[in-house]
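Note sheet for the following structure.
As the structure is a computational prediction, the values presented were derived from the model and not from experiment.
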Amino acid sequence: MVETKKIWWMIKKDLLVLWRHKPRLISIFLFPIIMITLFGYGMGGELTNIPIVVVSQSDGQVTDATLNAIKGMSLYDVKDIITDPDKAKQMVESGEVRAAIILPTNYDNMTDNQPKSVLFEVDSSDQMATTAVLPATQALFSQISNELGMQKLEAMNLTPSASSSSIQVQQSSVQAQQQSLDIKGIMSSINFQINRLYGDIAYIDFLVPAVLAMTVMMGAMMSMGESLAGERERGELARLFMTPTSISTVVGGKIISRLVIQTATALVLIGAAIVLFNITISGSMLLTILLLVLTALCFVGFGIMVSARVSTQEDYVQMVMPFSMPMMFVSGVFYPIETMPWIFQKIAYIAPLTYANNALRGVMLKGAGIGDIWIEIAVLLGFTALFFIMGVTRFNRDI
């Protein structure tokens with residue numbers, strides 16, 4: 001027989017417990033709002049404002065019209081218009097921009113019937129951005145090429161026939177030109193060339209480095225909940241502190257044990273990615289492993305910071321989830337950061353996972369060395385130091 005009063009008492013008891021644990025209560029209501037916002041505005045958005053640079057090596061109406069067309073596309077965020085092709089390539093290689101559109105020196109020469117070579121340098125390591133920007137840029141210059149071809153035909157007082165590729169003579173004065181002109185050649189005014197700086201990179205190649213970082217992050221953070229908050233809840237920490245053991249010894253032991261486990265996990269992940277998906281690491285394998293170790297250390301520190309003040313494992317999980325899950329989406333794990341509204345793009349750069357993703361992709365996809373990713377390494381070290389300082393100084397052994 002169901003005892004209604006006791007059921008009501010149990011409901012009331014659970015609600016009172018939730019009310020007394022304010023972090024858990026706030027998280028329960030805040031977490032769904034954060035997630036639906038990220039999915040609605042981030043994952044459901046279009047890829048826009050991809051940073052590019054344009055190299056303009058000539059002046060004239062054609063160049064001006066092309067620059068205006070490029071600036072008018074929401075897909076592009078034109079960071080600069082320069083005249084040095086080498087500098088443009090360096091900007092792409094450094095990650096300052098995703099692509100460079102290089103217009104040739106003869107771009108405005110309408111008397112030259114030879115196609116003008118437009119070079120498109122693209123950072124192919126960002127596979128999602130490349131997939132979006134490449135066909136759009138090809139379509140843009142195909143349209144420009146056709147318009148230039150029509151202008152040439154009009155200037156020559158010629159029109160293409162719909163049923164034949166030959167040239168119909170409109171005036172007797174152009175009969176001598178008929179045999180030497182090729183309408184297809186005139187219409188193909190632009191030769192669009194593509195240079196993928198890091199080769200053809202599949203989506204799985206783009207995804208794996210960030211998934212490695214994300215997996216290490218989740219493993220480190222979740223394991224710290226069981227290691228500290230869980231042991232505190234079960235009374236194991238209290239019994240440990242009854243012995244002459246310092247906080248630094250306990251925290252240090254937890255750090256080393258979690259680091260060993262997460263490093264082993266990272267090695268298994270790398271091995272599985274190589275065997276199952278034929279992933280090739282362009283850079284140093286040792287540097288890749290060290291980056292994963294640093295990522296694990298950073299998020300172990302985050303776990304210590306959170307678990308330093310909570311009394312139960314459930315409280316720990318509820319406090320960590322509003323940070324860990326949104327971080328997966330704003331840090332560019334599955335989609336480029338450019339898909340996000342500008343406010344999420346700003347938030348991305350205060351998330352440690354963003355720097356771990358960028359560093360790992362730099363090494364694994366681009367073959368980057370320490371000198372190329374020193375900023376990401378410095379930021380991760382800074383976050384690590386901050387988390388450990390806050391965790392150790394706020395650690396409460398009496399909870």
Just do the side chain to side chain contact (heavy atoms under 4.5 Å, CB included) check on M364 and L212 with the steps written out, would you? CA-CA 11 Å; M364 296 178 67; L212 289 173; 3.9 Å; yes
Minimum-distance pair of heavy atoms, taken over all atoms of [X] and [Y]:
| X | Y | result |
| --- | --- | --- |
| Y198 | S124 | N-OG, 3.1 Å |
| I350 | P352 | O-CD, 3.9 Å |
| A348 | V330 | CB-O, 3.0 Å |
| L380 | T384 | O-OG1, 2.7 Å |
| S282 | K366 | CB-C, 4.3 Å |
| D84 | V55 | O-CG2, 4.0 Å |

Does D108 form a side-chain hydrogen bond (donor to acceptor under 3.5 Å, both in side chains) with S58? I'd like the steps, not just the answer. CA-CA 7 Å; D108 271 274; S58 63; 3.3 Å; yes
Could you tell me the separation between the [atom1] atom of [X] and the [atom2] atom of [Y], rounded to the nearest 0.5 Å?
| X | Y | atom1 | atom2 | result |
| --- | --- | --- | --- | --- |
| R98 | T130 | CZ | OG1 | 8.5 Å |
| D123 | N195 | CG | CG | 11.0 Å |
| M305 | L386 | CE | CG | 7.0 Å |
| Q90 | E93 | CD | CD | 7.0 Å |
| S324 | M218 | OG | CE | 4.5 Å |
| E376 | L291 | CD | CG | 9.5 Å |

[Y] and [X], any side-chain heavy atoms less than 4.5 Å apart:
| X | Y | value |
| --- | --- | --- |
| I81 | K71 | yes |
| L197 | V122 | no |
| I377 | L294 | yes |
| I52 | I101 | yes |
| F120 | I102 | no |
| F192 | T137 | yes |
| F299 | L353 | yes |
| L267 | T265 | no |

Shared ILVMFWY cluster between [X] and [Y], side chains joined below 4.5 angstrom?
| X | Y | answer |
| --- | --- | --- |
| V363 | V92 | no |
| V54 | M91 | no |
| Y349 | M328 | yes |
| L290 | V260 | no |
| F141 | L119 | no |

Before giving the answer on side chain to side chain contact (heavy atoms under 4.5 Å, CB included), spell out for T63 and Q57 the whole-Å C-alpha distance, their side-chain angles and the decisive distance to 0.1 Å. CA-CA 9 Å; T63 297; Q57 302 181 85; over 6 Å; no
Passes side-chain hydrogen bond (donor to acceptor under 3.5 Å, both in side chains), T66 versus Y107? Steps please. CA-CA 10 Å; T66 301; Y107 193 66; 2.8 Å; yes
Look at atom CG of D59 and say whether more than 12 heavy atoms of other residues, nucleotides or ligands are closer to it than 6.0 Å.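 Count not over threshold, so no.
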Is the number of heavy atoms from other residues, nucleotides or ligands under 6.0 Å of I370 CD1 greater than 12?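 Open: at most 12 neighbouring heavy atoms sit under 6.0 Å from CD1 of I370.
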Would you check if the side chain of [X] reaches a backbone N or O of [Y] as a donor-acceptor pair within less than 3.5 Å?
| X | Y | answer |
| --- | --- | --- |
| D372 | G369 | yes |
| S142 | Q138 | no |
| N357 | P209 | no |
| D205 | I201 | no |

Could you check L75 against V133 for side chain to side chain contact (heavy atoms under 4.5 Å, CB included), going step by step and ending with a plain yes or no? CA-CA 7 Å; L75 181 65; V133 76; 4.2 Å; yes
I would like to know whether Y355 and I373 meet side chain to side chain contact (heavy atoms under 4.5 Å, CB included); could you show each step before the answer? CA-CA 9 Å; Y355 299 93; I373 57 171; over 6 Å; no
Parallel, tilted or perpendicular: which describes the rings of F302 and F387, with under 30° parallel and over 60° perpendicular?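 Perpendicular: the ring planes of F302 and F387 meet at over 60°.
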Do R361 and D126 meet the salt-bridge criterion of a basic N to acidic O distance under 4.0 Å?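 Not counted as a salt bridge, because no side-chain N and carboxylate O are separated by less than 4.0 Å.
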